[in-house]
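Written below as structure tokens is the structure these notes are about.
The figures that follow rest on heavy atoms only: side chains count, while hydrogens, waters and symmetry mates do not. All ligand and atom numbering here is 1-based and tracks the order in the structure.
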Amino acid sequence: MPKKTISDLGDLRGKRVLVRVDFNVPLDKKTGAVKNDRRIRGALPTINKLLEAGASIIALSHLGRPEKATPEERNFLTMDKVAVRFGELLGRPVKKAADEVVGPAVAAAAAALQPGDVLLLENLRFDPREQKNDAEFAAAIASLGDAYVNDAFGTCHNDKDASMVAVSAALKAAGKPRAVGLLVQKELDVIESLMGSPKRPLIAIMGGAKVSDKINFIHALLGKVDHLLIGGKMTYTFMKARGIEVGNMKIDAEELENAKNLLPHVGTKITLPVDSLCAKSDDLNDTQVFEGPIGAGFEGVDIGPKTLALYAAKIQQSGTVIWNGPVGWFEKPAFSAGTKGIAEAMANSGAVTVVGGGETAEAVEQFGFDSKMTHVSTGGGAFLAYVEGKKFQSLAQIDDK
Ligand code: 3PG
Ligand code: MG
């Protein structure tokens, strides 16, 4: 059933619209500055359209995982810098709400909004009720607005976040309309059309740090793709699962079990790197390429040159390529050849190319290949979950047309 979109919200003149965005952007670890604003840019079409229709905006987002942060890290997780960047990109001032997420000061700021005004609430996860899908917290947020728009594609898979589910339910209870935003609509349309009847062969490239984060996705994906190429830290978990030495790399026991369960597919549907660029753990300038067992004191930091050539050739022969997770430690130029090479091979191929995941999107952008991809998703976990076929509570909530 098609969902209501923002053009189905009726006359918005003088209305206050709650827009759940995903401004969970990467921050500089030392300064807290916004490192990449792609997710903010992604929400602008929806925000602009609502403003043009005469509405005011109450934007809401989480930022990072404050519940796991140290007090210093937590200081960086206030929305202040995000509000400034949001305002710059929008070309109009964005008011940052009070330090409380909801409460009298926020209610007063929302009530004072005039058409064209934009208010950004404080980091939703500063209130522990956000991740408990708490009804009272949700009701307080819902009472601020006349309509609700979900434009937070990157967070759509989080079905215990109040701002994604309970807030929208509270608006429904109050007889107020809910719709999906233009970004969510576009992401769903593109991913659906690409994955519905993909141009074959369809290959997936999976990198990143953790096997456990992606294990369910790999199982589901094997039924959909013709080939899965592995890179990144997962490589060493698979190597260890096959009884091959991985040098200094620490492997999580649970992830190892997960990788063992996938071994029957290795060599058929799953391809592992044939070589790795490794660095001495105590001197990262001391590097060596290993084919097979990795020497003591070394750890893998990137796929090796033979692997890159092999993967680039597979990309050339494919109809569709989906990529999630860098294949190496790309932030370090000396270890970025694999990730850059994969991006380049995808950009220069005739295949339909889809990139998902914050780090992967960041890498593709950093190397200047983003405009050469068919689609760069703003979602990481959400992109994987959607391709896997998960049904999102947050979207089920939205009114049907
Ligand atoms: C993401 O970046 O994956 C989304 O913003 C959701 O954040 P989370 O992974 O911390 O739930
Ligand atoms: Mg996530």
**Request:** State whether the number of non-hydrogen atoms from other residues, nucleotides or ligands found under 6.0 Å of Glu254 atom CD is greater than 12.
**Result:** no
**Request:** Look at atom CD of Glu136 and say whether more than 12 heavy atoms of other residues, nucleotides or ligands are closer to it than 6.0 Å.
**Result:** no
**Asked** So with a 6.0 Å cut-off around CZ of Arg200, is the heavy-atom count from everything else above 12?
**Response** yes
**Prompt:** What are the atoms of ligand 1, with element, lying closer than 4.0 Å to any heavy atom of Asn158?
**Reply:** 6 (C), 11 (O)
**Request:** Please confirm whether Asp22 comes within less than 3.5 Å of ligand 1 when only nitrogen or oxygen atoms on both sides are compared.
**Result:** yes
**Request:** Specify side chain, backbone, both or neither for Asp161, according to which of its non-hydrogen atoms lie closer than 4.0 Å to ligand 1.
**Result:** neither
**Asked** Are any of the heavy atoms in Arg125 under 4.0 Å away from ligand 1?
**Response** yes
**Request:** Using a 4.0 Å heavy-atom threshold (strictly under), name the region of Glu67 that reaches ligand 1: side chain, backbone, both or neither.
**Result:** neither
**Item:** Asp8 and Thr5 side chains, donor-acceptor separation under 3.5 Å
**Value:** yes
**Fill in**
So the atoms of ligand 1 within less than 4.0 Å of a heavy atom of Arg65 turn out to be 8 (P), 9 (O), 10 (O)
**Prompt:** Gly154 near ligand 1, heavy-atom distance under 4.0 Å?
**Reply:** yes
**Prompt:** What about Phe330 and Phe335, are their ring centers closer than 6.0 Å?
**Reply:** no
